[in-house]
Asker: 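Have a look at this one.
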Amino acid sequence: MDWSSMVGGSLQQALGAPAIIYCLAAIGLNVHFGYTGLLNFGQAGFMAVAGYALASLVATWGMSFWVGLVVGLALSVVLALLLGIPTLRLRADYLAIVTIAAAEIIRQTIGSVTLLRYFGGQDGLQQFVGTFQGLNPFHNSVTIGITTWRPYDFWLLVVGWTVVALCCIVVYLLMRSPWGRVLKAIREDEDAVRSLGKNVYAYKMQSLVIGGLIGALAGFMSALQNSSIVPSQFATDTTFFAYTVLLVGGAARVLGPVVGALIFWFLITFLDAFFGDATQGAHPLIPTWIMSNDQASVMRLIVMGLALMLLMIFRPQGIFGDRRELAIDAR
Amino acid sequence: MPAETTPAAADDVDPRSLAEVPAEPGAAKPDPILVVDSVVRRFGGLRAVDVDHLEVQRGVITALIGPNGAGKTTLFNLLTGFDKASAGSWSFDGHPTHSLPAYKVARLGMVRTFQLTRVLARLTVLENMRIAAVGQRGERLARAMVAPLWRAQEREVTERAMALLDRFGLAAMCDEFAGSLSGGQRKLLEMARALMVEPRLVMLDEPMAGVNPALKQSLLAHVKSLRDEGMSVLFVEHDMDMVRDISDWVVVMAQGALVAEGPPESVMADERVIDAYLGAHHDVSLETVEAEIADETDEELAADD
Ligand SMILES: Nc1ncnc2c1ncn2[C@@H]1O[C@H](COP(=O)(O)OP(=O)(O)O)[C@@H](O)[C@H]1O
Ligand SMILES: [Mg+2]
């Protein structure tokens, strides 16, 4: 068993684009769920709208990369308004239902045969990262410790983590302000906040828009990651992985999503490599009567699910959460 | 401002302005801050609230009493924008408020507390107070990220919050999570928080429920001090001693409607009021019940409830 290559490969994922994508998606969800208590189960929808806006404007309509970014952000704001206007006055669960449905509608629409000319159906779109590639200052592979990065991947990593850092700073600045205090209060009890003269609906809408914008950044990263975009990148489990990342790190903590993403992607890649390795060859470490090599591929999800359950039971506040908060029965 | 707001006469405030008011349901007041007209709230077939006319006098403490299920909380919810009336209109200080959302009602200066306290559990006691200040610059998204734009105001808000916490005996707990407070302390915090909004009319829904006797006294004093500072108070209460002790005027509801109104002494002797209570619940400490109990001093402890 090649431990160093397993650890190296896992680090590569934990530091690279996959972790960045889910980290950004989770930062957005942190604004929604962690700070405001909004149940957005359609973060993948925000990612899809932004990612496809960028890809299709460049690849299909021949516009500039920068126009694609701006339109992607603008459309994610529009999506937030569309989702929020009918639901944010209602009970919290309505937003959850509407967002999860909207994300699926978006994915199915984008992948449909009818719109094949614009969005490329299930094969998606390619050839829209030229501008981004052109800006890449790295021309050789970069080696850090036991990880080695191709120039494009390293460029993506630098840009990605810079964006993550900026988002964390924005979230930090917002959440320590009186504005952030209103969001946290809404999470605790929105009727109490109303009784104190705050327009709860407007604050929820602002929160939905800001979290959605950060979700859009995750969508851009998702499109840039493989220089191609396909609908399956934005399936419902994308949102749930982002929630997992958030809960592992700890909701309502600025750095929760960052820590969560690193741990999540390290573990999930490592487990995959481990079970793959352990079931391979003529004399596998794990005998074939326990599991075959084919079966091993789902082991990572089983173990991650188990770990998440244990985490929720023994440390529901996440890695970063505050124990004191747990002692409080919230209502 | 009515004469009784002078702080010196805290205990024997004579609401002179109410002396001429007839003790009948819907009586007109000389200087009403809240005027309610034909408000109806139906829940299916039930008319939970059906009030023809009600005026609440400015600068005094008005008690709203009535048996459980009389519709007091529902009326509070309607007046403060937390529920929608089936019909009716009302105005606060001359502004029609029946179609306003709850937050606008609060901003006009009509602030309520809840029967079941609603503290913001995972915010500290101090944050619970700070959030209630109105017109905070840092609550605007566009300015939130730039602390220098709101830091000075935040300092003022904090000072005001600490002064109020001090007055309500919660200053020592300012950094605790509000969720860790006792039931009585939560009631205190909720009242103090309502004052951060700088209301003109404070509406308290059962401020004494579940509060231990020691805290009750201090809560009583706090409610009185609101009046002394010129605020109007409308409160729901079951504790008749408290009602008698601090209220200048009592309004009685039963089955959604007003059944009586008047100064505390006369209202509590009113047949209709006694009927309303005894008809619904026998465990309410009205004067008659108390008199009965006093007669049978030996069996006092064995009495019902
Ligand atoms: N949301 C609701 N749905 C149905 N019935 C309600 C609702 N709220 C209150 N009621 C009914 O309205 C009546 C008045 O209730 P409430 O205002 O809470 O009384 P009070 O505060 O005087 O004890 C009660 O019969 C209660 O069951
Ligand atoms: Mg009630």
Side-chain angles (χ1 to χ4, degrees), chain A residues 31 34-37 77 88-89 166-211 213 251-253 317 321-331, chain B residues 76-77 80-82 101-114 116-124 126-147 149-151 153-154 157 176-181 190 193-194 196-199 203:
Chain A
V31 174
Y35 289 104
T36 325
V77 172
L88 288 182
R89 283 184 210 278
L166 290 175
C167 287
C168 286
I169 291 170
V170 167
V171 170
Y172 168 77
L173 290 176
L174 283 175
M175 295 310 161
R176 67 161 190 175
S177 75
W179 183 85
R181 181 162 66 213
V182 178
L183 293 199
K184 289 178 236 171
I186 289 171
R187 173 191 71 198
E188 297 300 309
D189 188 329
E190 59 176 81
D191 276 344
V193 179
R194 261 187 207 111
S195 79
L196 300 172
K198 315 290 175 202
N199 185 352
V200 168
Y201 177 70
Y203 282 100
K204 284 199 210 171
M205 190 64 86
Q206 290 169 356
S207 165
L208 194 62
V209 167
I210 290 174
L213 279 171
R253 306 284 139 188
Q317 74 274 40
D322 185 337
R323 248 216 169 268
R324 283 195 309 158
E325 291 189 1
L326 273 190
I328 295 165
D329 62 304
R331 245 143 271 219
Chain B
F76 261 41
N77 288 345
T80 51
F82 278 87
Y103 78 94
K104 285 192 179 160
V105 174
R107 279 188 200 168
L108 278 178
M110 179 164 152
V111 178
R112 57 95 51 97
T113 64
F114 296 87
L116 301 170
T117 48
R118 288 175 176 271
V119 296
L120 308 165
R122 284 180 296 169
L123 262 56
T124 65
L126 182 57
E127 291 285 50
N128 264 267
M129 294 293 287
R130 279 173 173 157
I131 190 181
V134 291
Q136 296 189 52
R137 288 190 278 276
E139 284 183 354
R140 294 296 187 82
L141 179 54
R143 303 182 190 151
M145 286 209 286
V146 191
L149 292 178
W150 47 261
R151 208 170 262 145
Q153 191 187 27
E154 180 85 349
V157 166
E176 312 263 335
F177 281 122
S180 66
L181 298 184
E190 216 184 337
R193 190 177 67 186
M196 282 297 288
V197 187
E198 301 189 306
M203 302 181 51

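The figures here come from the full heavy-atom set of this structure, side chains too, leaving out hydrogens, waters and symmetry mates. The chains referred to below are lettered A, B, ... by the order of the sequence lines, with proteins before strands, and numbering in each begins at 1.
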Asker: Looking at B:E127, B:R137, B:R140, which makes the most heavy-atom pairs under 4.5 Å with chain A?
Answerer: B:E127
Asker: Grab the two heavy atoms, one from A:A192 and one from B:R118, that are nearest each other, plus how far apart they are.
Answerer: CB-O, 3.5 Å
Asker: Can you check whether A:L173 reaches B:V146 side chain to side chain, under 4.5 Å on heavy atoms?
Answerer: no
Asker: Is there a side-chain contact (heavy atoms from CB on, under 4.5 Å) between B:Q136 and A:K198 once you walk through the steps?
Answerer: CA-CA 11 Å; B:Q136 296 189 52; A:K198 315 290 175 202; 4.2 Å; yes
Asker: Minimum heavy-atom separation for B:A106 to A:S195, with atom names?
Answerer: CB-O, 3.4 Å
Asker: Would you say that more than 12 heavy atoms from the other residues, nucleotides or ligands in this model lie under 6.0 Å from the CG of B:L116, or not?
Answerer: no
Asker: Please flag which part of B:R143 lies under 4.5 Å from any non-hydrogen atom of chain A: side chain, backbone, both or neither.
Answerer: neither
Asker: Examine whether an atom of B:R130 lies under 4.5 Å from a heavy atom of chain A, and if so say whether it belongs to the side chain, the backbone or both; otherwise answer neither.
Answerer: both
Asker: To the nearest 0.5 Å, what is the distance between CD1 (B:I131) and NZ (A:K184)?
Answerer: 10.0 Å
Asker: Name the option with the most non-hydrogen atom pairs under 4.5 Å to chain B; the candidates are A:P178, A:G180, A:A202.
Answerer: A:P178
Asker: Check whether A:R194 reaches the backbone of B:Y103 with its side chain - one donor and one acceptor, N or O, closer than 3.5 Å.
Answerer: no
Asker: Counting only non-hydrogen atoms closer than 4.5 Å, does B:V197 touch chain A with its backbone (N, CA, C, O), its side chain (CB onward), both, or neither?
Answerer: side chain
Asker: Just how far is it from atom CE of B:M196 to atom CG of A:L196, taken to the nearest 0.5 Å?
Answerer: 10.0 Å
Asker: Most heavy-atom pairs under 4.5 angstrom with chain B, which of A:V193, A:D191, A:V182?
Answerer: A:D191
Asker: Which answer fits A:V200, side chain, backbone, both or neither, if we ask what part of it has an atom under 4.5 Å from a heavy atom of chain B?
Answerer: neither
Asker: Enter the distance from B:L141:CG to A:M205:CE here, rounded to the nearest 0.5 Å.
Answerer: 13.5 Å
Asker: So do B:V119 and A:D189 actually touch side chain to side chain, heavy atoms under 4.5 Å?
Answerer: no
Asker: Report which part of A:L183 has an atom under 4.5 Å of a heavy atom belonging to chain B: side chain, backbone, both, or neither.
Answerer: neither
Asker: Quick one: does B:E139's side chain have a donor or acceptor within less than 3.5 Å of a partner on A:W179's backbone?
Answerer: no
Asker: Side chain, backbone, both or neither: which part of B:E154 has a non-hydrogen atom closer than 4.5 Å to chain A?
Answerer: side chain
Asker: Write down the atom of B:L123, the atom of A:E188, and the distance for their closest heavy-atom approach.
Answerer: CD1-CG, 4.1 Å
Asker: To check you understand the geometry: which heavy-atom pair defines the closest contact between B:M145 and A:V170, and what is its length?
Answerer: SD-CG1, 3.8 Å
Asker: Given that the side chain runs from C-beta out, which part of A:Y201 has a heavy atom under 4.5 Å from chain B: side chain, backbone, both or neither?
Answerer: neither
